[in-house]
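Start at 1 with the first residue, then count along the sequence.
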Amino acid sequence: MEEYANEPCPWRIVNDTGGAFTMGVIGGGLFQAIKGFRNAPSGISRRFAGSMVAVKQRAPVVGGQFAVWGGLFSTIDCSLVYVRKKEDPWNSIISGAATGGILAARSGAGAMVGSAIIGGMLLAMIEGVGILLTRFTSEQFKPIAPGEMGDPSVLGPPQPLTLNPESNYQ
């Protein structure tokens with residue numbers, strides 16, 4: 001399956017951690033820019049300054065949180081690939097649940113279970129949408145049997161090509 005042809009595991013962890021950090025910094029930067037702009041004192045220059053201060057203070061923190069999530073998820077995913085000897089959607093679903101549970105461990109057992117369920121369900125939805133999209137888009141590449149195209153003999157003989165005398169083509 002081409003869908004699961006990823007980089008080898010040790011490098012996948014580094015790649016996913018960096019990608020998650022980048023996504024967190026960009027998304028967190030946009031969110032913090034809006035938040036800083038809205039919470040700054042009145043005046044356009046003060047609002048832009050407040051926006052920049054919020055981005056500089058909080059965007060790296062959000063990026064770091066995303067990086068921790070991405071690195072832990074990839075580490076668990078690679079461990080499951082090693083143990084189960086196959087790559088399938090179950091690895092991602094289990095990794096999402098385990099990551100959610102581990103990151104909520106400081107809050108107690110109840111929070112761990114809740115976060116694990118949310119993480120597993122989120123990854124199950126993502127994997128399900130990916131499988132559905134793959135199935136729908138693969139229909140266009142399905143070969144057509146000769147009988148399905150129809151019998152060309154029912155079309156009749158080919159018509160000769162005639163030029164319209166009123167056209168500008170000479």
Is it true that I102 and V68 fall in one hydrophobic cluster, defined by side-chain heavy atoms closer than 4.5 Å? yes
Residue pairs meeting side-chain hydrogen bond (donor to acceptor under 3.5 Å, both in side chains), one or both in residues 13-23, sequence neighbours left out, come to E7-N15, D16-S74
At their closest point, which heavy atom of S115 faces which heavy atom of G100, and how far apart are they? CB-O, 3.2 Å
In Å, rounded to the nearest 0.5 Å, how long is the span from CG of D77 to CZ of R12? 5.5 Å
Which heavy atom of F73 sits nearest a heavy atom of T99, and at what distance? CA-OG1, 3.3 Å
Around atom CZ of F37, are there more than 12 heavy atoms of other residues, nucleotides or ligands at under 6.0 Å? yes
Do you know which two heavy atoms are closest between G28 and A59, and how far apart they sit? C-CB, 4.3 Å
Tell me the closest heavy-atom pair linking L80 and N91, and the distance in Å. CD1-O, 3.6 Å
Same cluster for V62 and L103 if Ile/Leu/Val/Met/Phe/Trp/Tyr side chains link at under 4.5 Å? no
Do F66 and F21 have ring centroids that are under 6.0 Å from one another? no
V113 and M121: same hydrophobic cluster, using ILVMFWY side-chain contacts below 4.5 Å? yes
Report the C-alpha distance between W90 and R84 in whole Å, list the side-chain angles of each, state the deciding distance to 0.1 Å, and finish with yes or no for side chain to side chain contact (heavy atoms under 4.5 Å, CB included). CA-CA 10 Å; W90 286 109; R84 296 182 68 222; 3.8 Å; yes
Would you say I94 and I76 are hydrophobically clustered, going by side-chain heavy atoms of ILVMFWY under 4.5 Å? yes
Counting distance only, does the side-chain N/O of S138 pair as donor-acceptor with the main-chain N or O of R135 below 3.5 Å? yes
Would a single hydrophobic cluster contain both W69 and I13, if residues Ile, Leu, Val, Met, Phe, Trp and Tyr are joined by side-chain heavy-atom contacts under 4.5 Å? no
In Å, rounded to the nearest 0.5 Å, how long is the span from CG of D88 to CD1 of I93? 8.5 Å
Of all pairs that satisfy side-chain hydrogen bond (donor to acceptor under 3.5 Å, both in side chains), the ones with a partner from residues 31-57, not counting sequence neighbours: none
